[in-house]
S.K.: 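Sharing a structure below in structure tokens format, with a few things to ask.
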Amino acid sequence: MLGIINERIIFEVSAGQPSLISDDADAVALVGTSKDLAKQINQKEVHWGLLEDSVEERMEKALSDSDKTEADSKDADAEDNNKKKSSEGGKQGGSLTKKLKKDKLVGATGKNTKSETSMISAAPRVKPELTLPAMPVEVEQSMLDDLRNRVQLNNLALPSVSFYTFLNTHNGLNCSSISNDGSLVVGGFSDSSVKVWDMAKIGQPAKTSTSQGENGSSQGEHLSSTSEGKRPYTLFQGHSGPVYSAAFSPFGDFLLSSSSDSTIWLWSTKLNANLVCYKGHNYPVWDVQFSPVGHYFASASHDRTAQIWSMDKIQLLRIMAGHLADVDCVQWHVNCNYIATSSSDKTVRLWDVQTGECIWMFIGHRSMVLSLAMSPDGRYMASGDEDGTIMMWDLSTGCCVSPLAGHNSCVWSLAFSCEGALLASGSADCTVKLWDAASSTKALKMDDTQAGSTNRLRLLKALPTKSTPVYNLRFSRRNLLFATGALSLGS
């Protein structure tokens, strides 16, 4: 530090009273991130909500149309019954109409309570700012099937958890991710390799179900090569440095990986081959994430920028610059019009995808922010930092809804359930915790004047692991919670 001061700073001693910095036109003051700067940035309105003509909206319309047709048919049948039985007696007819009215009232209240419990149905619809690709019919049909078979979760009905543990990977596994349906698990390793496991194949009686890591000649791989003649995983090689992030596309047919070699690679899980190598960052890329509809993806780097890419172009589309330190994590908004980035400068920023401008800045964390998650309705965002603190933000106001110190170590992953009622957090303290997110958001809606500063997320359940830090969490479209981690044998 003394050498830097002697080399870069020149001291001049002058007699008399000291003058104010504002009086000197040549003076430059370096200030940190302040609330005044946040107020200057937070001027634009965030149009939170779901995309127009989305699968959820189509399903809601289909359900409402079916409810209308059923109601009309019931009304017609009731009128016919009333006409037939009107001649039998006025008392019987009167009691029948009262019963029918009661049934209609009960049905209406049941529908209202069902719509109130679903946070997604209450979200407004937003036009997409980017040109979104057309969704194949079979993919849309599979999504509709998942929505029909979705398990409703709340503070009383907690999700089932499927935890995948990597063995023999101490100090070798840098990142992991799970496909949306849980069928594929990927790991990024320090030896610059990317390995993908198919859950349907490794669940066999053969001893190949052990997830392998940096030890290329481990026992599980040896048994697999002797019994089946192949590895228990698919190996992707191409990076020239440690792999720090890997993410599946929404339907699992593509895979992204980013590395310290400052490149992003796109792989095909169908062809088991590399398709494109994207070069735009100048330093290691810490995180990469697909958009909720696929096709577009965002990356975060040590060069203090986030970038947006598309699969049909090798050139980047947008550069988000403004953070004062590394951009550690990136997360898409559910309507694809915004991305959120977290940084080592202890701030979270929300960027407009169309303009590339920072429109919101969230200040409150006291250490670097490592994880982000967006609620399914697009109104709330959760962030976790190195100290174990979790904060939930209201995107429409920029206020912190529920600050929480829930973990004893870094919060590496956050995930909302499909209705947004639950928030799952995974940490380096070897626990997965489930929080009641619906109660805090309801309290905010009931009293918006107090900004929810006294609200706290209520812990529903803590799930400890066997010395396994939790790397990644994901809720499937059917509300099954998937988690991954590496067994810490060296600790």
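Heavy-atom basis, side chains included; hydrogens, waters and symmetry copies ignored.
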S.K.: Given side chain to side chain contact (heavy atoms under 4.5 Å, CB included), test Met368 with Asp385 step by step and report yes or no.
M.R.: CA-CA 6 Å; Met368 64 175 65; Asp385 63 20; over 6 Å; no
S.K.: Output the distance between atom CG (Asn479) and atom CG (Leu153), rounded to the nearest 0.5 Å.
M.R.: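 If I round to the nearest 0.5 Å, the distance is 4.0 Å.
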S.K.: Have Ser176 and Asn472 got a donor and an acceptor in their side chains that come within less than 3.5 Å?
M.R.: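 Side-chain D/A pair, Ser176 to Asn472: absent.
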S.K.: Is the shortest heavy-atom distance from the side chain of Leu132 to the side chain of Leu51 under 4.5 Å?
M.R.: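 They are in side-chain contact.
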S.K.: When you compare the side chain of Met135 with that of Met143, does any pair of heavy atoms fall below 4.5 Å?
M.R.: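 Yes - at least one pair of side-chain heavy atoms lies under 4.5 Å apart.
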S.K.: Could you walk me through whether Arg304 and Asp326 pass the salt bridge (Lys or Arg N to Asp or Glu O under 4.0 Å) check?
M.R.: CA-CA 5 Å; Arg304 304 180 182 181; Asp326 295 31; 5.4 Å; no
S.K.: Do Leu50 and Asp377 make a side-chain contact, defined as non-hydrogen atoms from C-beta onward lying under 4.5 Å apart?
M.R.: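 Not touching, per the 4.5 Å side-chain cut-off.
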S.K.: If the test is side-chain hydrogen bond (donor to acceptor under 3.5 Å, both in side chains), which one of Ser257, Ser192, Ser258, Ser260 qualifies with His239?
M.R.: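 Testing His239 for a side-chain hydrogen bond (donor to acceptor under 3.5 Å, both in side chains) against Ser257, Ser192, Ser258, Ser260 leaves exactly one candidate, Ser257.
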S.K.: With a 4.5 Å heavy-atom cut-off, do Ser291 and Trp332 have their side chains touching?
M.R.: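 Counting from C-beta outward, Ser291 and Trp332 do come under 4.5 Å.
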S.K.: State, to 0.1 Å, how close Ser342 and Val369 come at their nearest heavy-atom pair, and which atoms those are.
M.R.: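 For Ser342 versus Val369, the nearest heavy atoms are OG-O, 3.0 Å.
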S.K.: Any idea which heavy atoms bring Gly182 and Tyr164 closest together, and the distance?
M.R.: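 So the minimum-distance heavy-atom pair works out to O-OH, 3.5 Å.
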S.K.: For Thr169 and Leu173, indicate whether the former's side chain and the latter's backbone hold a donor-acceptor pair under 3.5 Å.
M.R.: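 Pair absent, no side-chain N/O of Thr169 close to backbone of Leu173.
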S.K.: If the threshold is 4.0 Å, N to carboxylate O, is there a salt bridge linking Asp253 and Lys270?
M.R.: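 No, no charged N to carboxylate O under 4.0 Å.
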S.K.: Classify the ring geometry between Trp309 and Phe297 as parallel (under 30°), tilted (30 to 60°) or perpendicular (over 60°).
M.R.: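 Plane angle under 30°, so parallel.
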S.K.: Please confirm whether the backbone N or O of Val151 pairs with a side-chain atom of Asn149, one donor and one acceptor, at under 3.5 Å?
M.R.: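 It does not hold such a pair.
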S.K.: Using every non-hydrogen atom in the two residues, find where Val334 and Ser375 come nearest and quote the distance to one decimal.
M.R.: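 Taking every non-hydrogen atom into account, CG1-O, 3.5 Å.
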S.K.: Is Ser179 reaching over with its side chain to a backbone N or O of Leu184, donor-acceptor style, under 3.5 angstrom?
M.R.: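 Answer holds: yes.
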S.K.: With rounding to the nearest 0.5 Å, note down the distance linking OH in Tyr278 to CG in Leu256.
M.R.: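 Reported to 0.5 Å precision, the distance equals 7.5 Å.
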S.K.: Examine Lys195 relative to Phe189 and say whether NZ or CZ is less than 6.0 Å from the centre of the six-membered ring and inside a 45° cone about the ring axis.
M.R.: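 The answer is yes; both the distance and angle limits are met.
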S.K.: Are Tyr233 and Asp198 close enough that some pair of their side-chain heavy atoms sits under 4.5 Å apart?
M.R.: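 Tyr233 vs Asp198: side chains apart.
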S.K.: Can you tell which of Arg349, Met391, Met381 makes a side chain to side chain contact (heavy atoms under 4.5 Å, CB included) with Phe362?
M.R.: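 Among Arg349, Met391, Met381, the one meeting side chain to side chain contact (heavy atoms under 4.5 Å, CB included) with Phe362 is Met381.
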S.K.: For residues Ser190 and Asn174, is any side-chain donor paired with an opposing acceptor at under 3.5 Å?
M.R.: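 Present: a donor and an acceptor within the cut-off.
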S.K.: Indicate yes or no for a side-chain donor-acceptor contact from Thr305 to the backbone of Ala321 under 3.5 Å, with no hydrogens or angles considered.
M.R.: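 Answer holds: no.
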S.K.: Judged by atom type as modelled, is there a donor-acceptor pair below 3.5 Å linking the side chain of Arg474 to the main-chain atoms of Ala415?
M.R.: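 It does not hold such a pair.
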S.K.: Walk me through it: do Val330 and Val288 pass the test side chain to side chain contact (heavy atoms under 4.5 Å, CB included)?
M.R.: CA-CA 7 Å; Val330 62; Val288 61; 6.0 Å; no
S.K.: Would Ser301 and Trp286 satisfy side-chain hydrogen bond (donor to acceptor under 3.5 Å, both in side chains), going step by step from the backbone distance to the final call?
M.R.: CA-CA 5 Å; Ser301 173; Trp286 302 130; 5.9 Å; no
S.K.: Any carboxylate oxygen within less than 4.0 angstrom of a Lys/Arg side-chain nitrogen, looking at Lys44 and Asp352?
M.R.: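 Salt bridge flag = no for Asp352 with Lys44.
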S.K.: Is it true that a side-chain atom of Ser245 and a backbone atom of Asp287 form a donor plus acceptor pair closer than 3.5 Å?
M.R.: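 A pair under 3.5 Å: no.
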S.K.: If you look at every heavy atom in Ser425 and His407, which pair is closest and at what distance?
M.R.: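 Scanning both residues, the minimum pair turns out to be OG-NE2, 2.7 Å.
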S.K.: With side chains defined as the heavy atoms from C-beta onward, is the minimum distance between Tyr296 and Leu317 less than 4.5 Å?
M.R.: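 Yes. Closest side-chain heavy atoms under 4.5 Å.
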S.K.: Atom OG of Ser299 and atom CD1 of Ile339: how far apart are they, to the nearest 0.5 Å?
M.R.: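 The CD1 atom of Ile339 is 8.5 Å from OG of Ser299, to the nearest 0.5 Å.
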S.K.: Can you check side chain to side chain contact (heavy atoms under 4.5 Å, CB included) on Thr431 and Val470, steps first, answer last?
M.R.: CA-CA 7 Å; Thr431 60; Val470 183; over 6 Å; no
S.K.: Quick check: do Leu460 and Trp435 have side-chain heavy atoms less than 4.5 Å from each other?
M.R.: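 Answer no - side chains too far apart.
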S.K.: Can you confirm whether the side chains of Ser310 and His295 place a donor and an acceptor under 3.5 Å from each other?
M.R.: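 No, no side-chain donor-acceptor contact under 3.5 Å.
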S.K.: Output all residues satisfying ring-ring contact (aromatic ring centres under 6.0 Å, His included) with Phe416, sequence neighbours left out; order by chain, then residue number.
M.R.: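 So Phe416 forms no ring-ring contact (aromatic ring centres under 6.0 Å, His included) with any residue.
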S.K.: Between the side chains of Asp328 and Ser344, is a donor N or O closer than 3.5 angstrom to an acceptor N or O?
M.R.: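 There is such a pair between these side chains.
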S.K.: Please round to the nearest 0.5 Å and tell me the distance separating atom CG of Leu255 and atom CG of Leu275.
M.R.: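 Rounded to the nearest 0.5 Å, the CG-CG separation comes to 10.0 Å.
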S.K.: State whether the side chain of Ser249 and the backbone N or O of Phe254 hold a donor-acceptor pair below 3.5 Å, judged by distance alone.
M.R.: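 Side chain of Ser249 to backbone of Phe254: a pair is present.
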S.K.: What pair of heavy atoms forms the shortest contact from Gly322 to Trp351, and how long is it?
M.R.: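 Heavy atoms only, the tightest pair is N-CH2, 3.9 Å.
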S.K.: I'd like to know if the side chain of Arg477 and the backbone of Leu147 have a donor-acceptor N/O pair within less than 3.5 Å.
M.R.: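 Checked: no pair found.
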S.K.: Would you compute the distance between atom SG of Cys358 and atom NE2 of His323 and round it to the nearest 0.5 angstrom?
M.R.: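 Rounded to the nearest 0.5 Å, the SG-NE2 separation comes to 7.0 Å.
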S.K.: If we only count heavy atoms from C-beta on, is the Ser396 to Val46 side-chain gap below 4.5 Å?
M.R.: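 They are not in side-chain contact.
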S.K.: Parallel under 30°, tilted from 30 to 60°, perpendicular over 60°: which one fits the rings of His333 and Tyr338?
M.R.: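 Perpendicular: the ring planes of His333 and Tyr338 meet at over 60°.
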S.K.: Short question: side chain of Thr465, backbone of Cys430 - any donor-acceptor pair under 3.5 Å?
M.R.: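 Yes; at least one donor-acceptor contact below 3.5 Å.
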S.K.: Identify the two heavy atoms, one from Trp265 and one from Gly238, that lie closest to each other, and give their separation to 0.1 Å.
M.R.: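 Closest pair (atom of Trp265, atom of Gly238, distance): CZ2-O, 3.2 Å.
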S.K.: Are Trp267 and Thr269 linked by a side-chain donor-acceptor pair shorter than 3.5 Å?
M.R.: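 Thr269 and Trp267 do not have a side-chain donor-acceptor pair below 3.5 Å.
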S.K.: Could you state the interatomic distance from CD1 (Ile308) to CG (Leu130), rounded to the nearest 0.5 Å?
M.R.: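 Result: 7.0 Å between the selected atoms.
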S.K.: Go through the steps to decide whether Phe166 and Thr484 satisfy the test side chain to side chain contact (heavy atoms under 4.5 Å, CB included), and finish with yes or no.
M.R.: CA-CA 8 Å; Phe166 289 79; Thr484 60; 4.2 Å; yes
S.K.: Indicate whether any N or O donor in one side chain lies under 3.5 Å from an N or O acceptor in the other, for Thr389 and His365.
M.R.: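 Not at all, the side chains of Thr389 and His365 share no donor-acceptor pair under 3.5 Å.
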S.K.: Report yes or no: does Ser268 contribute a side-chain atom to a donor-acceptor pair with the main-chain N or O of Ala273 at less than 3.5 Å?
M.R.: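 No.
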